[in-house]
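In what follows, residues are counted from 1 in the order of the sequence shown. Remember, predicted model here, so these are calculated numbers, not experimental data.
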Amino acid sequence: MKLLKGIALALIFCLMVTCAHAEIVSIPWEQEVMPEVNESYYLSDTEYEDPSLHITIEEGIYNGTCYLVARIKIADPTQFRAYVTSARNLNKYPTKYGTELAQYVNAVLAISGDVTNLDKTRAGTKNGKHITRNFETWLTNAKADKNGKGILDILIVDTNADLTIIPQCTEADIDAFPGTILSTYSFGPGLVINGEQVTDYSTYGMNYGAKKRAQRICIGQTGPLEYIAVYSAGPDQKTPEGKKCKGLTIMEFADLVYAQGDVINAYNLDGGTSTWMVFHNERLNVFGDKKKNAIADIIYFSSAWQE
């Protein structure tokens, strides 16, 4: 009995020492690759939880279209991350898949960003854009018209990991931002701004594909250090019953996102076959369609739990 009691006490002591050395640690902004993820924190194919990060993923059908909702809660702002491929020529289409990017940086959850639409041969244009990633500004072209308005809605991610959407944003709006800008995104448009669903896209300068039924994805904020990523399938994909998905227009996608509740700001990112939602290094947004595009950047969430 004494021996068993001694062993038990030793085990308890070891556990206490281990816990004493485990803590939530801010991740340096300049750090590109995160530590490997402890597999034991993946609770299922749709949930991850450690003391610094909790992610759940839900699936549903809206307007005949499959969708995914990832809900993310972090403990430290530095867990909201951006990564861009080393090929930073904005006119050159990159050659990395979302799963490759997520695996490289050891992301728990990753979604596609918007840099791919800067290729001149594709749907995008540089007009109206302001591109910053991880404090590095690559492009400043959010020019104001005679009325002082810009072309695009631009998303600002600051160092508090708060999301701010500025409709018809200009360089003057960027300069006047009161916080410290970490990254900006210029694909858009905004879907929910300051708790209100956007219903009028008539002033949105690019507005290409807004009425098209396609795969779509967004990043949103639901509270301090709490986020939502919503994905909707396209017409080339199928429901679990084998029916063809309809795909959603921008207006319908905004309806879906707003319906998730408590959404403060939500911003549309690059869609179509450039859309990626990656969890545990697996692409979730397949739904019977294996077509996929390479992408240049991801938004991702990392653990800050150091053991």
**OP:** Determine whether more than 12 heavy atoms belonging to other residues, nucleotides or ligands lie under 6.0 Å from atom CG of Asn134.
**Re:** yes
**OP:** Before accepting this row, confirm whether a basic side-chain N of the pair Asp114/Arg133 lies closer than 4.0 Å to the acidic partner's carboxylate O.
**Re:** yes
Subject >> Backbone of Met277 reached by a side-chain donor or acceptor of Asn285 within 3.5 Å >> reply: yes
**OP:** Measure the CG-OH distance between Leu191 and Tyr267 for me, rounded to the nearest 0.5 Å.
**Re:** 9.5 Å
Subject >> Distance-minimising heavy-atom pair for Val157 and Leu163 >> reply: CG2-CD2, 3.7 Å
Original post:
Is the backbone N or O of Gln79 less than 3.5 Å from a side-chain atom of Asp76, with the two atoms forming a donor-acceptor pair by type?
Top reply: no
Subject >> CA sep, side-chain torsions, deciding dist, call: Gln31, Trp29, side-chain hydrogen bond (donor to acceptor under 3.5 Å, both in side chains) >> reply: CA-CA 5 Å; Gln31 183 172 329; Trp29 288 120; over 6 Å; no
Subject >> Polar side-chain atom of Asp153 near backbone of Gln168 as donor-acceptor pair, under 3.5 Å >> reply: yes
**OP:** Kindly indicate whether the side chain of Arg216, heavy atoms from C-beta on, has any atom under 4.5 Å from the side chain of Thr275.
**Re:** no
**OP:** Applying side-chain contact (heavy atoms from CB on, under 4.5 Å), run through Ile156 and Ile174 and close with a yes or a no.
**Re:** CA-CA 9 Å; Ile156 295 175; Ile174 297 291; 4.0 Å; yes
Original post:
So with a 6.0 Å cut-off around CD of Glu36, is the heavy-atom count from everything else above 12?
Top reply: no
Original post:
Under 4.5 Å between any side-chain heavy atoms of Val230 and Ile217, yes or no?
Top reply: no
Original post:
Got a sec: does the CG of Asp175 have more than 12 other heavy atoms crowding it under 6.0 Å?
Top reply: yes
Original post:
Which of parallel (below 30°), tilted (30 to 60°) and perpendicular (above 60°) describes Tyr104 and Tyr83?
Top reply: tilted
Original post:
Quick one: does Asp270's side chain have a donor or acceptor within less than 3.5 Å of a partner on Ser274's backbone?
Top reply: no
Original post:
Judged by atom type as modelled, is there a donor-acceptor pair below 3.5 Å linking the side chain of Thr184 to the main-chain atoms of Thr132?
Top reply: yes
Original post:
Given Arg71, which of Glu226, Glu47, Glu58 fulfils the side chain to side chain donor-acceptor pair (under 3.5 Å) condition?
Top reply: Glu58
**OP:** Please report the closest heavy-atom contact between Val192 and Ile165, naming both atoms and the distance.
**Re:** O-CD1, 3.5 Å
Original post:
Are Leu248 and Leu284 connected in the hydrophobic side-chain network, where two residues link if heavy atoms are under 4.5 Å apart?
Top reply: yes
Subject >> All pairs passing ring-ring contact (aromatic ring centres under 6.0 Å, His included) where residues 220-262 contributes a residue, at least two apart >> reply: Phe80-Tyr227, Tyr227-Phe301
Original post:
Has the side chain of Glu171 got a donor or acceptor atom that lies under 3.5 Å from a matching backbone atom of Asn141?
Top reply: yes
Subject >> Lys246/Glu252 ion pair, N-O < 4.0 Å >> reply: no
**OP:** Report the distance from atom CD1 of Ile74 to atom OG of Ser303, rounding to the nearest 0.5 Å.
**Re:** 11.0 Å
Original post:
Can the ring centres of Tyr62 and Tyr67 be said to be less than 6.0 Å apart?
Top reply: no
Subject >> Trp276 (side chain) donor-acceptor with Asn293 (main chain) under 3.5 angstrom >> reply: yes
Subject >> Least distance between heavy atoms, Thr65 atom then Ala233 atom >> reply: CG2-O, 3.3 Å
**OP:** Check Leu225 against Gln221 and note the closest heavy-atom contact, atom names and distance.
**Re:** N-NE2, 4.1 Å
